[in-house]
Amino acid sequence: MLDKTYSPSEVEARTYPTWEQSGAFASNTTSNAQPFCVMMPPPNVTGSLHMGHALNMTLQDVLTRYYRRSGRDALWQPGTDHAGIATQSVVERQLAGEGKTRHDLGRDGFVARVWDWKAESGGTITRQLRRLGASPDWRRERFTMDEGLSHAVRKVFVQLFKQGLIYKDKRLVNWDPRLHTAISDLEVEQKETKGHLWHLKYPLADDPQRFITVATTRPETMLGDTAVAVHPDDDRYRDLIGQDVLLPLVDRRIPIVADDYADPEQGSGAVKITPAHDFNDFNVGKRHGLPMINVMDRDARILATAEVVPGGDGSEPDSALPAAYAGLDRYEARKRIIADFAAQDLLERIDDHLHTVPHGDRSGTAIEPWLTDQWYVDAETLAQPAIRAVEEGRTVFVPRTWENTYFEWMRNIEPWCISRQLWWGHQIPAWYGPDGTVFVEQSEEEAQAAAKRHYGHDAALTRDPDVLDTWFSSALWPFSTLGWPDPAPEVDRYYPGDVLITAHDIIFFWVARMMMMGLHFMGEVPFRTVYMHALVRDEKGQKMSKSKGNIIDPLGLIDRYGADALRMTLTAMAAQGRDIKLSDQRVEGYRNFATKLWNAARYCQMNDCRPVDGFDPTACRLTVNRWIIGAVIDTAAKVEQAFAQYRFNEAAGALYQFTWAQFCDWYLEFTKPILTGSDDAAAAETRACTAWVLDQILHQLNPIMPFVTEELWGAIGDRQGDLLISRPWPDYAAVDPDRHAGDEMEWVVRLIGMVRAVRAEMNVPASARIELLLRGASDRTADRLSRHHDLIVHLARLTDARIIDAPAPKGSAQAVLDDATLFLPLAEVIDLDQERERLEREIGKLDGEIAKIDKKLANPQFVEKAPEEVVAEQRDRRADYLSTREKVAAALARVSAG
RNA sequence: GGGCGCGUAGCUCAGCGGGAGAGCACUACGUUGACAUCGUAGGGGUCGCUGGUUCAAUCCCAGCCGCGCCCACCA
């Protein structure tokens with residue numbers, strides 16, 4: 001016998017290993033079944049499960065379990081990501097705690113230390129995924145720094161390099177002065193910052209009494225100015241174009257150039273140009289052949305001697321910088337430089353200024369546009385086929401609107417900076433000869449061979465110290481995990497995948513790049529569908545973050561309410577197009593649902609409703625059974641369609657509604673009198689049917705709530721060692737829902753509802769048994785009443801329910817149901833005024849409905865133009881309302897007469 | 001500046017051309033042998049505003065107001 005309540009933790013701990021050991025999660029390369037492949041977005045190997053993962057993984061698991069049971073050879077490919085910056089930062093923080101830096105350990109020592117950390121904490125997230133009930137093919141688990149995947153990374157890098165799609169370039173990058181690495185545009189966050197606009201006066205070189213004023217938010221970069229730009233049509237400055245100013249503090253002559261970039265509306269209309277420290281200025285500098293003067297080191301401190309790149313005309317400014325600022329942090333230097341301008345009376349004024357400042361998303365530090373050599377991917381070239389693939393519908397986004405976001409970014413894509421000045425990651429397979437010649441090969445041996453061919457003799461090579469952006473290896477995930485570039489049957493079988501399930505915040509980081517790499521290397525899109533789910537927020541709609549302290553821990557929810565409750569909550573809330581605001585209360589509600597299901601099963605067990613082998617739903621005779629069987633089939637259709645359309649919330653809603661509001665609230669109550677009644681055949685049929693329906697609920701709910709359904713399925717019947725997880729998805733094709741049974745039971749529901757409502761309104765105690773009389777009933781109604789007499793009496797708490805011809809006793813409460821008028825004789829308790837009021841309210845409602853329909857029908861345009869069936873439907877409804885109204889009015893007349 | 005999305009019951013949200021829905025919260029009653037993590041009944045909404053299309057608009061279109069997110073830029 002089942003316990004009185006469900007204990008999720010005990011069941012979950014016991015069930016998961018059973019599934020895993022049974023091989024239920026395994027894909028099967030040799031199967032004849034049609035494959036179904038989902039690539040798990042690899043979480044950070046040293047990370048832990050947050051709510052976003054919980055949603056993402058739940059949806060993938062639901063689909064995987066559903067398709068696997070529907071006969072597909074499902075591969076849900078799991079794995080973890082090395083997450084370069086994030087993981088390296090964690091270990092560096094640990095070292096800092098020991099008073100060390102990574103440089104104390106050296107590269108090899110540090111990388112070994114990170115591997116240790118991975119070994120120590122690397123299992124956390126996969127353990128947590130198991131607690132959630134995730135069912136990927138763990139045998140195939142991969143890590144982005146596995147040898148196989150690293151091989152794929154090297155192969156891709158070398159090939160792209162040899163195709164000219166990867167190149168090295170000296171240009172401005174987003175430099176993170178704290179992490180000491182370049183980061184990509186996507187890793188930069190714009191933060192609104194209160195700052196100042198400093199108006200600096202630059203004297204003309206040949207007329208020191210005249211000044212040109214420039215406005216800047218970053219005065220410290222003036223040390224690297226190589227021009228002042230004005231708009232060519234700006235009359236204020238037209239005569240100055242071509243002249244020089246003498247840059248204060250450094251006494252450098254720099255030209256005044258005409259460039260459209262200068263906006264006459266902004267500041268003074270003249271703008272300082274610092275090509276080595278500003279992206280816009282960099283472009284201006286290129287256009288005018290200006291030299292570039294880098295004045296900062298990797299910590300964003302001012303250099304003593306600038307790094308100078310000569311201008312297009314070969315001009316090479318003096319690299320010496322004022323000693324006063326050497327070694328100062330950029331903000332300290334700013335203060336000093338402003339002070340020095342002020343001291344020389346060259347500071348015109350200071351305005352308060354609200355502007356956005358780029359920050360590194362990992363370090364939170366203001367990034368510095370910095371001139372360095374980095375590796376780039378020619379993203380524009382790779383993007384073209386990826387754009388076409390979505391245009392042509394070879395990959396479809398769900399919801400579709402995300403395609404706009406994808407196109408927008410892809411059509412304006414910038415070169416992708418892929419080198420990082422880190423140690424943890426895939427080291428770039430590039431070696432340099434003594435003269436700086438680069439050899440890009442998959443191994444050092446190959447590089448040496450290439451060098452020998454190049455130089456004609458062996459040469460000492462040094463490897464490029466940089467590693468690749470983590471997303472470079474993630475981009476290969478859909479095929480590198482399948483064994484590519486080695487020959488592997490999995491590549492042919494599971495690529496392209498069916499659906500990628502992910503959150504919209506990584507369309508650019510990941511989805512777009514998988515599309516580019518997949519198309520380039522595999523010649524085909526990596527997945528047919530991209531389902532973008534919402535972000536999970538807290539109950540106030542705020543993004544969850546550590547600093548806000550509003551993180552809801554999915555493991556905590558699993559501990560308190562069970563994995564199924566959390567899964568059901570997330571599935572039920574995964575409506576397309578809106579973020580999810582999660583609260584404990586929601587999860588509690590679905591925990592209650594699990595309890596409800598548990599108790600329904602317990603009831604079945606107590607009443608000996610056991611699954612009957614070979615039970616044939618079409619052979620059921622009882623209307624109540626035929627009704628619930630039809631409802632099972634309707635529910636399955638809704639669930640199947642919902643999954644096919646990625647409408648997870650609809651699948652969850654249909655199952656919730658059916659289980660609670662149909663099966664528990666009505667069917668189990670309806671059948672109680674049958675089970676205890678004298679008709680043994682009816683009881684036997686009902687027991688079998690009840691067990692069958694419960695079985696169907698367990699089947700259909702299983703992908704969403706796998707633990708409790710597995711447990712109950714095993715407890716309710718003799719399963720001979722089978723597990724529900726591996727049972728085929730039920731097929732109801734042979735069963736036709738009986739619509740008559742549906743209509744009839746719906747009538748019974750309405751009848752009981754009416755009696756209950758009248759009883760409640762008339763304050764009839766639940767313990768009081770009263771009689772129900774029906775007058776004016778048609779044959780069909782009389783028939784229905786007689787067929788369901790017992791359950792009506794039982795559920796409406798009556799002594800009897802019968803048809804009468806004679807007038808009903810005075811002092812009856814009355815109600816109208818279709819053709820019949822219901823009488824509840826309540827002579828003792830009835831309050832005539834209250835009853836009159838109740839009936840008048842009812843008439844008022846009916847009059848309102850009738851008036852609305854009359855208005856429509858009175859409109860000749862409606863009758864003419866609306867489809868016939870709509871007009872007919874309105875006429876039917878009117879007739880029904882009118883007939884009910886007449887009967888209620890008669891009832892009211894009786895009360896008033898009485 | 002460009003793009004996307006959202007304003008429906010107190011709260012959180014489904015629905016999206018012809019009868020306003022759910023869960024939670026609230027009110028009243030209730031332990032009738034599955035379930036109080038429950039049952040029964042009930043109250044509560046000019047579906048943001050203004051126009052337009054249509055026989056018909058919560059639903060489609062436009063504008064406006066409010067809110068959120070993304071991208072770009074701001075000397």
Side-chain angles (χ1 to χ4, degrees), chain A residues 2 4-6 185-186 190 197-200 214-218 228-229 261-263 265-274 278-281 353-356 399 401-402 404-405 407-409 412 504-505 507-508 535 537 539 541 543 561 565 572-573 575 577-583 585-586 588-607 647 649-650 653 656-657 661 664-665 668-669 672 752-753 756-761 763-767 794-795 797 849 852-853 855-856 859-867 869-871 873-874 877 881:
Chain A
L2 292 166
K4 193 161 178 188
T5 51
Y6 171 53
D185 296 343
L186 289 175
Q190 300 294 337
L197 197 54
W198 285 276
H199 295 256
L200 307 178
V214 296
T216 179
T217 55
R218 305 221 36 213
V228 170
Y261 167 65
D263 177 358
E265 308 292 318
Q266 287 277 350
S268 63
V271 56
K272 62 193 268 315
I273 300 297
T274 323
D278 181 285
F279 288 99
N280 287 312
D281 294 5
H353 187 64
L354 193 65
H355 62 142
T356 57
T401 180
W402 289 110
N404 295 326
T405 305
F407 285 139
E408 173 63 20
W409 191 69
N412 298 292
H504 56 72
D505 56 348
I507 291 183
F508 308 143
L535 301 175
R537 300 172 179 279
E539 54 198 301
K543 220 168 178 169
Y561 303 113
M573 295 180 79
R578 196 193 286 245
D579 286 347
I580 294 178
K581 290 181 197 164
L582 191 73
S583 67
Q585 219 179 31
R586 302 297 296 232
E588 192 183 330
Y590 288 104
R591 186 274 317 265
N592 295 352
F593 175 67
T595 306
K596 186 75 183 177
L597 175 66
W598 181 268
N599 277 292
R602 187 161 169 268
Y603 164 86
C604 290
Q605 206 178 39
M606 293 169 86
N607 285 280
R647 297 181 180 275
N649 58 317
E650 290 183 10
Y656 183 96
Q657 158 71 25
C664 291
D665 285 353
L668 292 184
E669 297 302 331
K672 278 175 185 172
I752 293 167
R756 284 172 172 172
V758 171
R759 289 181 62 123
E761 272 189 78
N763 297 310
V764 180
S767 54
H794 181 251
L795 290 183
R797 310 187 58 71
E849 294 297 328
K852 267 202 280 187
I853 298 173
K855 204 175 147 193
K856 273 190 196 174
N859 180 356
Q861 306 262 44
F862 170 70
V863 181
E864 234 173 78
K865 297 198 177 171
E869 62 271 21
V870 171
V871 178
E873 193 196 345
Q874 294 298 324
R877 283 185 57 216
Y881 280 131

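Note that the coordinates shown come from a computational prediction; the quantities given were computed from them, not determined experimentally.
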Chemist: For A:Asp281, answer base if it contacts any base atom (sugar-phosphate contacts may also be present), sugar-phosphate if it contacts only those atoms, and nothing otherwise; contact means non-hydrogen atoms under 4.0 Å.
Modeler: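 A:Asp281: no heavy atom of the nucleic acid under 4.0 Å.
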Chemist: What nucleotide among B:rC73, B:rC4, B:rG19 has an atom nearest to a side-chain atom of A:Thr401?
Modeler: B:rC4
Chemist: Side chain of A:Asn404: nearest nucleotide among B:rC70, B:rU12, B:rC4?
Modeler: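 Nearest listed nucleotide: B:rC4.
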Chemist: Does the pair A:Leu186 and A:Trp409 meet the rule for a side chain to side chain contact (heavy atoms under 4.5 Å, CB included), with working shown?
Modeler: CA-CA 11 Å; A:Leu186 289 175; A:Trp409 191 69; 3.8 Å; yes
Chemist: What is the base-pairing partner of B:rG30, counting Watson-Crick and G-U wobble geometry with both distances under 3.5 Å?
Modeler: B:rC38
Chemist: Could you tell me whether A:Ile853 contacts a base, only the sugar-phosphate backbone, or nothing, with contacts defined as non-hydrogen atoms closer than 4.0 Å?
Modeler: nothing
Chemist: Could you let me know what B:rA72 is paired to, Watson-Crick or G-U wobble, both distances under 3.5 Å, or none if it's on its own?
Modeler: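 By the stated definition (distances under 3.5 Å), nothing pairs with B:rA72.
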Chemist: NZ of A:Lys581 versus C1' of B:rC11: gap in Å, rounded?
Modeler: 10 Å
Chemist: Looking across every strand, which nucleic acid part, if any, lies under 4.0 Å from A:Val870 by heavy atom: base, sugar-phosphate, or nothing?
Modeler: base
Chemist: Select base, sugar-phosphate, or nothing to describe what A:Ala575 touches, counting heavy atoms under 4.0 Å on all strands.
Modeler: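 It contacts sugar-phosphate atoms only.
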Chemist: Check every strand shown and say whether A:Ala262 touches a base, only sugar-phosphate, or nothing at a heavy-atom separation below 4.0 Å.
Modeler: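 Base contact.
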Chemist: Separation of A:Leu535 atom CG from B:rC6 atom P, in whole Å?
Modeler: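 Computing the A:Leu535:CG to B:rC6:P distance gives 15 Å.
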Chemist: Could you let me know what B:rG21 is paired to, Watson-Crick or G-U wobble, both distances under 3.5 Å, or none if it's on its own?
Modeler: B:rC13
Chemist: Both A:Val764 and A:Asp579 contact RNA chain B. Which one's nearest nucleotide lies toward the 5' end?
Modeler: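 Its nearest nucleotide lies further toward 5', so the answer is A:Asp579.
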Chemist: For A:Gln585, which contact category applies under a 4.0 Å heavy-atom criterion: base, sugar-phosphate, or nothing?
Modeler: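 Counting heavy atoms under 4.0 Å across all strands, the contact made by A:Gln585 is with sugar-phosphate only.
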Chemist: Considering every strand shown, what is the Watson-Crick or G-U wobble mate of B:rC67 when both distances are under 3.5 Å?
Modeler: B:rG5
Chemist: With sugar-phosphate meaning primed atoms plus P, OP1 and OP2, does A:His504 contact a base, only sugar-phosphate, or nothing at under 4.0 Å between heavy atoms?
Modeler: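 No contact at all - A:His504 keeps every heavy atom at 4.0 Å or more from the nucleic acid.
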Chemist: In the strands shown, is B:rG45 matched to any nucleotide by a Watson-Crick or G-U wobble pair with both distances under 3.5 Å, and which?
Modeler: none
Chemist: Quick check on RNA chain B: between A:Tyr656 and A:Arg586, whose nearest nucleotide comes earlier from the 5' end?
Modeler: A:Arg586
Chemist: Select base, sugar-phosphate, or nothing to describe what A:Gln657 touches, counting heavy atoms under 4.0 Å on all strands.
Modeler: nothing
Chemist: Please find out if less than 6.0 Å separates the ring center of A:Tyr590 from that of A:Tyr561.
Modeler: no
Chemist: Can you check each nucleotide of nucleotides 30-43 of chain B against protein heavy atoms at under 4.0 Å and return B for base, S for sugar-phosphate only, - for none, in 5' to 3' order?
Modeler: --B-BB-BSSSS--
Chemist: Regarding A:Pro867, tell me which of base, sugar-phosphate or nothing describes its non-hydrogen contacts under 4.0 Å with the strands shown.
Modeler: base
Chemist: Taking salt bridge (Lys or Arg N to Asp or Glu O under 4.0 Å) as the test, write out the residues that go with A:Asp579, two or more places apart.
Modeler: A:Arg537
